[in-house]
Amino acid sequence: MSDGKMWEIEDGFFSGGVGTICGVDEAGRGPLAGPVYAAAVILPPHLDIPGLTDSKKLTDKKRRELFPIIQEQAIAYGIGFATEKEIDEINILQATFLAMERALGQLAVKPDLVLIDGNREKNFGIPVKTVVKGDSLSANIAAASVLAKVSRDDFMLEMAKQYPQYGFDIHKGYPTRAHYDALRAYSACPIHRMSFLKKFYGEKLSLIHISEPTRRRGI
C-alpha cells in the first residue's frame with residue numbers, strides 16, 4: 001500500500017461518523033480438501049503497510065513477510081475456520097460465515113462496522129457492508145485476506161506431512177489435475193470435502209471408505 005487508495009472506502013465511512021472499522025475475508029472456498037479460513041482485522045486508520053493488497057496478487061514470500069507485520073500493527077485481529085466436516089454438513093457458504101463469525105469473536109475490540117469481501121453478507125450482530133473486490137480496495141480487508149490465506153496454507157502444509165500422497169503442499173487442496181490423479185490413485189482422505197467430490201465419484205461415493213487417524217485440530 002504505497003498510496004491512500006486502499007483507505008478510500010474506509011475514509012467514506014469515517015467521514016460519515018463511523019469509528020472503528022474491521023475488514024473480513026476468507027481463504028479456501030474452492031478447494032476439495034481442508035477447512036475454509038477467515039480473518040478479521042482492525043488496522044489503525046491510514047496505517048501504511050507497503051505492498052499490502054489482495055493476498056492472491058502477492059507471492060507466498062510477500063504474504064509471509066506481511067503476516068507478522070499485520071499482527072503486530074493491527075488494533076485487533078482474529079483468525080477462525082470451519083472444518084471440512086462442517087462444510088459438508090452446512091454447505092460452503094454457511095461454513096464460510098461460520099469461520100467469519102469465529103474470527104470476529106476473537107477480536108479484542110468490537111468494531112462499529114464490518115467490511116466483508118464479496119457480495120454475500122450475514123447478520124453478525126454488527127453493521128455489515130459488502131465490498132466487491134474489497135481485498136484490492138480496502139486496507140482492512142486486504143490485511144484480513146493475508147492472515148486468512150497464510151493461516152490456511154500453513155494448515156495444508158501440516159496436512160501434507162500426514163497425507164504426502166496428495167501433494168497438499170503444492171496445490172493446498174485446490175482442484176488441480178495432480179490432485180484428481182491422487183484421488184483416483186488413493187481415494188479420499190479424512191480432510192477431503194466429500195460434498196465437493198459427489199460429481200467426481202458419482203454413485204461410487206457411498207462406497208468410499210475413509211479412515212480417521214488421530215491428529216490435533218484447533219480453532
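All values below were derived from every heavy atom in this structure, side-chain atoms included, with hydrogens, water molecules and symmetry-related copies excluded.
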Check your understanding: Between OH of Tyr166 and CE of Met156, what distance do you get to the nearest 0.5 Å?
Key -> 11.5 Å
Check your understanding: Is there a side-chain contact between Val150 and Leu66, using heavy atoms and a 4.5 Å cut-off?
Key -> no
Sequence neighbours excluded and cut-off under 3.5 Å, please list the side-chain donor-acceptor pairs for residues 13-23, or say none.
unit_1 : atom_1 : unit_2 : atom_2 : d
Ser15  : OG     : Asp11  : O      : 3.2
Ser15  : OG     : Gly12  : O      : 2.8

Practice item. Just grab all the salt bridge (charged side-chain N to carboxylate O under 4.0 Å, His left out) pairs involving residues 131-143, residues at least two apart or on different chains. Key: Lys56-Asp135
Practice item. Return the set of residues passing side chain to side chain contact (heavy atoms under 4.5 Å, CB included) with His171 (not counting sequence neighbours), or none when no residue passes. Key: Phe168, Thr176, His179
**Study point:** Qualifying salt bridge (charged side-chain N to carboxylate O under 4.0 Å, His left out) pairs, either residue in residues 170-181, two or more places apart
**Key:** Asp181-Arg184
Check your understanding: Is any side-chain heavy atom of Ile92 less than 4.5 Å from a side-chain heavy atom of Arg193?
Key -> yes
Review point. Got a sec, which hydrophobics cluster with Ile90, joining ILVMFWY side chains under 4.5 Å apart, including via others?
Key: Leu98
Exercise for review: Could you tell me whether the side chain of Gln106 and the main chain of Ala103 form a donor-acceptor pair under 3.5 Å?
Suggested key: no
Review point. Just wondering, do Phe196 and Pro31 contact through their side chains at under 4.5 Å, heavy atoms?
Key: no
Check your understanding: Could you state the interatomic distance from OG1 (Thr96) to CZ (Arg29), rounded to the nearest 0.5 Å?
Key -> 4.5 Å
Review point. To the nearest 0.5 Å, how far apart are NE2 in His192 and CE in Met159?
Key: 12.5 Å
Practice item. Any chance you could measure Leu47, atom CG, to Met6, atom CE, to the nearest 0.5 Å? Key: 11.5 Å
Review point. Is Phe155 linked to Phe67 within one hydrophobic cluster, defined over Ile, Leu, Val, Met, Phe, Trp and Tyr using a side-chain heavy-atom separation of less than 4.5 Å?
Key: yes
Donor-acceptor contacts, no H, no angles, side chain residues 138-145, under 3.5 Å, sequence neighbours left out:
unit_1 : atom_1 : unit_2 : atom_2 : d
Ser138 : OG     : Glu10  : OE2    : 2.6
Ser138 : OG     : Asn140 : N      : 3.4
Ser138 : OG     : Ile141 : N      : 3.2
Asn140 : OD1    : Leu43  : N      : 2.8
Asn140 : ND2    : Glu10  : OE2    : 2.9
Ser145 : OG     : Ser55  : N      : 3.1
Ser145 : OG     : Ala142 : O      : 2.6

Practice item. Please collect all side-chain hydrogen bond (donor to acceptor under 3.5 Å, both in side chains) contacts where either partner lies in residues 58-82, sequence neighbours excluded, each pair once. Key: Asp60-Arg64, Arg64-Asp154, Gln71-Tyr77
Review point. Looking at CG of Asp117 and CD of Glu26, how far apart are the two atoms once the value is rounded to the nearest 0.5 Å?
Key: 7.0 Å
Study note, to complete from the structure: Looking only at heavy atoms, the pair that brings Ala74 and Val41 closest together is CB-CG1, 4.1 Å
Practice item. Would you name the heavy atoms of Ala39 and Ala148 that are closest together and state the gap between them? Key: CB-N, 3.8 Å
Study note, to complete from the structure: Residues passing the side chain to side chain contact (heavy atoms under 4.5 Å, CB included) test with Pro175, sequence neighbours excluded, are Leu32, Tyr180
Study note, to complete from the structure: Sequence neighbours excluded, the answer for ring-ring contact (aromatic ring centres under 6.0 Å, His included) partners of Tyr186 is none
Study note, to complete from the structure: Taken to the nearest 0.5 Å, the spacing of Ile9 CD1 from Lys129 NZ works out to 12.5 Å
Exercise for review: Examine distances only and state if a side-chain atom of Arg152 and a backbone atom of Pro35 form a donor-acceptor pair shorter than 3.5 Å.
Suggested key: yes
Exercise for review: Can you sort out the partners of Asp88 under side chain to side chain donor-acceptor pair (under 3.5 Å), two or more places apart, ordered by chain and number?
Suggested key: Ser195
Study note, to complete from the structure: What one should report as the nearest heavy-atom pair of Ala99 and Ala82 is CB-N, 3.8 Å
**Study point:** Glu158/Lys161 ion pair, N-O < 4.0 Å
**Key:** yes
Point to revise | Leu157: hydrophobic cluster co-members (side-chain, 4.5 Å) | key: none
**Study point:** Cluster check Leu58, Ile69: I/L/V/M/F/W/Y, side chain < 4.5 angstrom
**Key:** yes
Study note, to complete from the structure: Apart from Val109 itself, its cluster of hydrophobic side chains linked below 4.5 Å comprises Val24, Ile42, Ile75, Leu93, Phe97, Met100, Leu104, Leu107, Val114, Ile116, Phe124, Ile126, Val128
